[in-house]
There are 2 protein chains.
Amino acid sequence: MNITIKDIASIAGVSYSTVSKALNDSSLVKENTKRKIVKIAKDLGYEPNFAAQRLVSKNTKVIGLIWPTIERTVLATLVTKISNEMAKTPYSMILSVDPIQKSLDTFKKFQVDGVILFGENTLTEINPNSIPLISYGVSGKKNYHYPIIDANHMKAMDDAINYLYELGHRNIKYVGNISPTDPLQMEKYQGFTKAMEKYNISYTNEDILDTGGLDWYHGYHAVDKMLKSNHLPTAIVGGSYDISGGIIRSLKENNVHIPDEISVISYDNIPQMAHLEIPLTCIGVSVEELAEKIVHSAITLIETKKLDSEVTKMIPSLVERASCATVRNN
Amino acid sequence: MNITIKDIASIAGVSYSTVSKALNDSSLVKENTKRKIVKIAKDLGYEPNFAAQRLVSKNTKVIGLIWPTIERTVLATLVTKISNEMAKTPYSMILSVDPIQKSLDTFKKFQVDGVILFGENTLTEINPNSIPLISYGVSGKKNYHYPIIDANHMKAMDDAINYLYELGHRNIKYVGNISPTDPLQMEKYQGFTKAMEKYNISYTNEDILDTGGLDWYHGYHAVDKMLKSNHLPTAIVGGSYDISGGIIRSLKENNVHIPDEISVISYDNIPQMAHLEIPLTCIGVSVEELAEKIVHSAITLIETKKLDSEVTKMIPSLVERASCATVRNN
DNA sequence: GATAAGAATAACAACGTTGTTATTTAGATG
DNA sequence: CATCTAAATAACAACGTTGTTATTCTTATC
């Protein structure tokens, strides 16, 4: 069995309640004895029993992160950043990759102080069960009863189109996953069409390339097919990091030069964009900002039970790299 | 506050100890009252207090997984498989992406029943702190005091070279990350040279291409450089999934046809290999097998405190796809 | 040098369970 | 119908903390 405050008490020759106070640096115990007790505790390698502490009910300083869809590069990056950000606070983080409700039950058992949910495309009702919970990403549910942090995808697409417009592009295609069951993808797609209309750029269904998936080869195949049909735009908007990786691979293999012959701008603002063989200009909320916002919102919610607004749309930014150029006048 | 067994007791008109026994389906309480109590508990939505249960000391049926390096495709797949495998057992899983010792402390606080450590390239001493712990992957430490599950990388490389040898290849290059601080990478590299010697295939330092990193573009650039130098082998062994992705991209772009002009075999046996634009023949322990072994070993260790052997080397298998062919006679 | 006030410490209840021991109840037996 | 036995339930200690209340020890004051 482990060392308890009673062990310390008997060695120090004081009562265990005094030990408790001493270890919690209470002003009720004399500096002298405090020091003595702390030293003994340290010598014995005392570790407080968490379960007992929590039984008398106190916060755990632990936040749970629910991440049901683990295999997505962008989110792995975000998790890392969140973890780093969390390390700057007194909180620790544990994750669960189980389905949402099961994760929530586990976290509730452990009495985490709060939960961050990566519920990108959650259509089912979830029941936070009285744990402070914030969600990252678009929710399909209309009547969520918890705060949501999300990127302003509409604005991001608007910025992207605006940027391309200023460079002279009037022939732009969107290459992304058009999935009616995935609100995030739908919002990007709708952001694209809306922006195109706003800037008065004509487009048809031909200009929306549905990749049918989110991996790089989905993007690869979509562009490959496009090139074979000879409908070459002056610019492409890639729907995600992985997809854009496939897009530029396909373009390179077909000797379509970026950015001279075609400009590419990608959704997802992560550092890895710079490491692609053609460093991609991208649009989106930077993961660092996102991580910071998520962590601090969670902690604010935990500590004050109040959050400014129910849905926070983070403002995206555009990072210029080498993949976009002014359109050539033929 | 939450519902406790005392609430149930007062409603049922029995003592709370009877309620406890009834809810644990003890034979000491009459079937009749048992049913009554269970019904009341259900109606009230009673949930046992985990902290209290653990204070009287019982197992948590939770296993912690420590995963400090989150951004690696192969491991994400493995985590998913482990999670699925775990779901078939009475255990749940939580993960931590914090540094090892911090993760361990967190898990110890939560009194998890056991820990799985992804300590791929852990050179520092770790202190399991009396929690049953198994580790996946090569450990740099010589004197670990916990069981290790690992793939037999040597054997895998041997199988790969043997396979290529049978296909007639005598000019083989290894493209991988040669990092003295990463035991896993070193073992693959050494497996390669050892196998080459065993099959009496001559090679020089020129045939070992150090990518200097584990991402796909590291493999891409290494092969790109190789092609420019015109030292074309008949076969390449790729050191990992990501690296091999870069390898075939580079080959394709340079119009080196796989497998007619060059054969490629990759380390890492994961389903995604089939989705690369050229489905890659690969070598390694399949993630499914690995996940099953890891989960069951962990549970065995927890429940019996005994494990067959200290280091289990899983037997790799070779999955044939479209990327290797018999060498052409010029 | 007795006494009041304040500082320091001790004692103890409480948190919600489980497991052990004590008590009550019901049923069987002569 | 008294008595013994077994079944059912109640009572209570224990797990390791924290916070509240009770007690003891100092020290200053007259």
Side-chain angles (χ1 to χ4, degrees), chain A residues 1-42 44-62 105 108-113 129-130, chain B residues 1-42 44-62 105 108-113 129-130:
Chain A
M1 210 68 258
N2 262 328
I3 310 219
T4 74
I5 50 172
K6 293 188 181 174
D7 299 325
I8 299 175
S10 71
I11 291 179
V14 297
S15 77
Y16 64 87
S17 55
T18 305
V19 174
S20 169
K21 288 174 189 60
L23 294 177
N24 289 315
D25 201 22
S26 159
S27 63
L28 293 176
V29 29
K30 201 162 60 174
E31 273 307 324
N32 240 351
T33 47
K34 216 189 270 184
R35 263 198 300 279
K36 185 175 71 178
I37 290 172
V38 168
K39 178 167 187 335
I40 293 174
K42 199 170 177 184
L44 294 180
Y46 167 76
E47 289 276 348
N49 181 306
F50 201 48
Q53 287 182 322
R54 283 227 304 308
L55 190 56
V56 300
S57 221
K58 279 250 307 283
N59 46 19
T60 55
K61 291 285 179 216
V62 174
D105 291 344
K108 199 198 175 185
K109 277 197 343 189
F110 281 127
Q111 289 177 232
V112 299
D113 291 343
N129 251 334
S130 77
Chain B
M1 209 69 261
N2 263 329
I3 309 220
T4 74
I5 51 171
K6 294 190 180 172
D7 300 325
I8 300 175
S10 71
I11 292 180
V14 296
S15 78
Y16 65 87
S17 55
T18 306
V19 172
S20 169
K21 289 174 189 59
L23 294 178
N24 288 316
D25 201 21
S26 159
S27 63
L28 294 176
V29 30
K30 200 162 61 175
E31 272 307 323
N32 239 353
T33 46
K34 215 188 267 185
R35 262 197 301 278
K36 186 176 73 179
I37 289 171
V38 168
K39 181 168 184 332
I40 293 174
K42 198 169 179 185
L44 293 181
Y46 166 76
E47 290 274 349
N49 182 308
F50 201 49
Q53 288 182 322
R54 283 227 305 306
L55 190 56
V56 300
S57 221
K58 278 247 309 280
N59 47 18
T60 54
K61 290 286 178 213
V62 174
D105 291 344
K108 199 196 173 186
K109 277 195 344 186
F110 281 127
Q111 289 179 231
V112 299
D113 291 343
N129 250 334
S130 77

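Residue numbering restarts at 1 for every chain, and letters A, B, ... go by the order of the sequence lines.
- B/Asn49 places its CG atom 17 Å from the P atom of C/dA14, with the value rounded to the nearest Å.
- Rounded to an integer number of Å, the gap from CD1 of A/Ile3 to C1' of D/dG16 is 13 Å.
- Using cut-offs of 30° and 60° for the angle between ring planes, the B/Phe50 and A/Phe110 rings count as perpendicular.
- Residues from residues 33-42 of chain B lying near DNA chain C, meaning a heavy-atom separation below 4.0 Å, are absent.
- Nearest-nucleotide assignment on DNA chain D puts the 5′-proximal partner with B/Gly13, out of B/Gly13 and B/Leu55.
- Counted within 6.0 Å of NZ on A/Lys39, heavy atoms from surrounding residues, nucleotides or ligands total 12 or fewer; the atom is thus considered open.
- Rounded to an integer number of Å, the gap from CZ of A/Arg54 to P of C/dG16 is 13 Å.
- Each of B/Lys30 and A/Val56 was matched to the nucleotide of DNA chain D holding its nearest heavy atom; the match closer to the 5' end belongs to B/Lys30.
- Going from atom NZ of A/Lys6 over to atom P of C/dC12 covers 12 Å, rounded to whole Å.
- As judged by a 4.0 angstrom heavy-atom cut-off over every strand, A/Phe50 is placed among residues making no nucleic acid contact.
- Side-chain N/O atoms of A/Ser57 include none lying less than 4.0 angstrom from OP1 or OP2 on C/dC15.
- In this structure, the CG atom of A/Leu23 is 14 Å from the P atom of C/dT9, given to the nearest Å.
- When the C1' atom of C/dT17 is taken as reference, atom CG of B/Asp25 falls 17 Å away, rounded to whole Å.
- Taking only side-chain nitrogens and oxygens, B/Gln53 comes nearer than 4.0 Å to OP1 or OP2 of C/dT18.
- Note on A/Ser15: a side-chain N or O is less than 4.0 Å away from OP1 or OP2 of C/dA10.
- Both A/Ser27 and B/Ala52 lie near DNA chain C, and the one whose nearest nucleotide falls closer to the 5' end is A/Ser27.
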Heavy-atom contacts, protein to nucleotides 19-24 of chain D, under 4.0 Å, summarised as B (base), S (sugar-phosphate only) or - (none) per nt, yield BB----

